[in-house]
Protein chains: 2
Amino acid sequence: MAEVTATLSIGQVAERTGLSVHALRFYEQQGVFVSPVRRGPGGRRSYTEDDVDWLGVCIILRASGMPLPALRRYADLVREGAGNEEERLALLREHHGQVTTQLDRLTQCLDLITFKVGVYEDLLDQDRRAAGPGRRRPSVGGDVPASGPGTSA
Amino acid sequence: MAEVTATLSIGQVAERTGLSVHALRFYEQQGVFVSPVRRGPGGRRSYTEDDVDWLGVCIILRASGMPLPALRRYADLVREGAGNEEERLALLREHHGQVTTQLDRLTQCLDLITFKVGVYEDLLDQDRRAAGPGRRRPSVGGDVPASGPGTSA
DNA sequence: CTAGGAGCTAGAGTCGGCTCTAGGTCAACC
DNA sequence: GGTTGACCTAGAGCCGACTCTAGCTCCTAG
């Protein structure tokens with residue numbers, strides 16, 4: 001048990017998490033840390049492994065679109081300690097729902113895009129293998145004909 | 001063939017597309033329209049059904065995270081007319097890739113969130129059905145123990 | 001002893017994508 | 001003829017999440 005709790009500088013944490021030092025200070029100011037970031041000599045921030053773990057969670061929540069205020073709220077609950085698990089669960093469920101919704105939307109969008117890619121591929125294919133005898137799909141002045149699956153047939 | 005091409009006011013288009021009139025003017029200014037939006041008496045915008053169809057495509061591309069400059073670029077290509085299908089295809093493929101990536105990321109995030117929701121559910125379940133005889137999962141001061149699937153076992 | 005590098009604070013700036021405001025035109029209704 | 005209500009333009013403002021700057025303190029190495 002040599003190293004009681006190795007602490008990390010802001011630069012090291014930035015490197016490990018991929019966040020910028022600016023972002024780390026900003027997050028702290030926004031109250032997204034569960035425990036209030038210790039200071040070492042000269043007032044320098046010294047982070048624990050727990051802080052880094054927590055940041056990992058934050059990064060994932062942020063990446064899935066959770067806004068900072070919600071993240072702060074969650075941190076507040078965790079900071080308060082045991083007893084508010086229902087609230088934490090509610091918050092997570094709420095976010096879960098939003099991510100699911102977003103996934104559905106994105107999947108739909110992807111369908112359309114895939115469709116359009118397919119149309120252009122076909123079109124180019126045919127142009128290529130029949131460069132002469134009356135082209136099918138007259139490549140209408142504008143965008144590719146159908147707007148996608150689900151739109152007008 | 002009574003109505004040659006019924007045209008729509010900006011308000012009507014806003015209503016149909018769900019975009020605001022502000023957004024419609026903004027999009028026009030940003031050059032995301034393929035054809036340059038006609039003006040009726042008094043300089044009022046009058047949109048065609050084609051415009052609305054195109055907006056439908058725009059909405060989906062935007063919803064999937066395509067930035068306005070890319071949307072404008074795509075519109076530019078379509079406006080140019082036939083002959084640049086490879087470029088359009090490239091642009092769409094590029095975006096397709098980004099959406100796929102984003103979907104993967106989101107799915108991973110969702111896994112973590114689902115996991116955490118599960119942990120909290122279990123925890124509350126056990127608290128509830130054993131309100132007395134030594135609680136398991138001591139509900140560690142901080143957040144729920146494991147950070148998720150893939151993180152430390 | 002000075003130069004460099006990492007850190008500090010407070011606060012300004014940036015970017016994307018709208019959103020809103022001010023000030024005006026026009027047509028229709030009472 | 002006065003008042004809506006929908007529209008117009010140009011440009012300012014806003015929001016979220018950073019990012020950057022200025023001006024400072026330390027510490028270490030050459």
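Note on naming: letters A, B, ... go to the chains in the order of the sequence lines (proteins, then strands), and numbering restarts at 1 for each one.
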Measure from [atom1] on [X] to [atom2] on [N] and round the result to the nearest Å.
X	N	atom1	atom2	result
B/L19	C/dC18	CG	P	8 Å
B/I10	C/dT19	CD1	P	13 Å
B/M66	C/dG16	CE	C1'	16 Å
B/F26	C/dT21	CZ	C1'	17 Å
A/E28	C/dA10	CD	C1'	14 Å
B/Y47	D/dA6	OH	P	16 Å
B/L71	C/dG16	CG	C1'	14 Å
B/L24	D/dC7	CG	P	10 Å

Would you tell me if any nitrogen or oxygen in the side chain of [X] comes within less than 4.0 Å of OP1 or OP2 on [N]?
X	N	result
A/Y27	D/dC18	yes
B/R44	D/dA6	no
B/S9	D/dA6	no
B/R45	D/dC8	yes

Can you tell me if [X] and [Y] form a side-chain donor-acceptor pair at under 3.5 Å?
X	Y	value
B/Q98	B/E94	yes
A/Q108	A/R105	no
A/T101	A/D104	no

- Message: With nearest nucleotide decided by heavy atoms, which residue, A/R39 or B/L68, maps closer to the 5′ end of DNA chain C?
- Response: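 By nearest-heavy-atom nucleotide position, the 5'-most residue is A/R39.
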Taking the side chain of [X] as its heavy atoms from C-beta onward, which of [options] lies nearest to it?
X	options	result
A/A23	C/dT9, D/dC8, D/dC18	D/dC18
A/H22	C/dC8, D/dT9, D/dT19	D/dT19
B/S20	C/dG17, C/dT19, D/dT9	C/dT19

- Message: Under 4.0 Å, counting only non-hydrogen atoms across every strand here, what does B/P41 touch: a base, just sugar-phosphate, or nothing?
- Response: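 B/P41: no heavy atom of the nucleic acid under 4.0 Å.
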- Query: Would you say the base of D/dA17 and the side-chain of A/R62 have a donor-acceptor pair closer than 3.5 Å?
  - Reply: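 Donor-acceptor pair under 3.5 Å: no.
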- Starting from the 5' end of DNA chain D, give me the residue, B/G42 or A/G65, whose nearest nucleotide shows up first.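 Result of the comparison: B/G42.
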- Item | Closest-nucleotide 5' rank along DNA chain D - winner of B/Q29 and B/R25 |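 Here B/R25 is the residue nearer the 5' end.
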- Exercise: identify the closest heavy-atom pair between B/H95 and B/S64: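 For B/H95 versus B/S64, the nearest heavy atoms are NE2-OG, 2.8 Å.
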- Message: For B/W54 and B/Y47, I'd like to know if the aromatic rings sit close, meaning centre-to-centre distance below 6.0 Å.
- Response: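 No, the ring of B/W54 stays outside the 6.0 Å limit from the ring of B/Y47, centre to centre.
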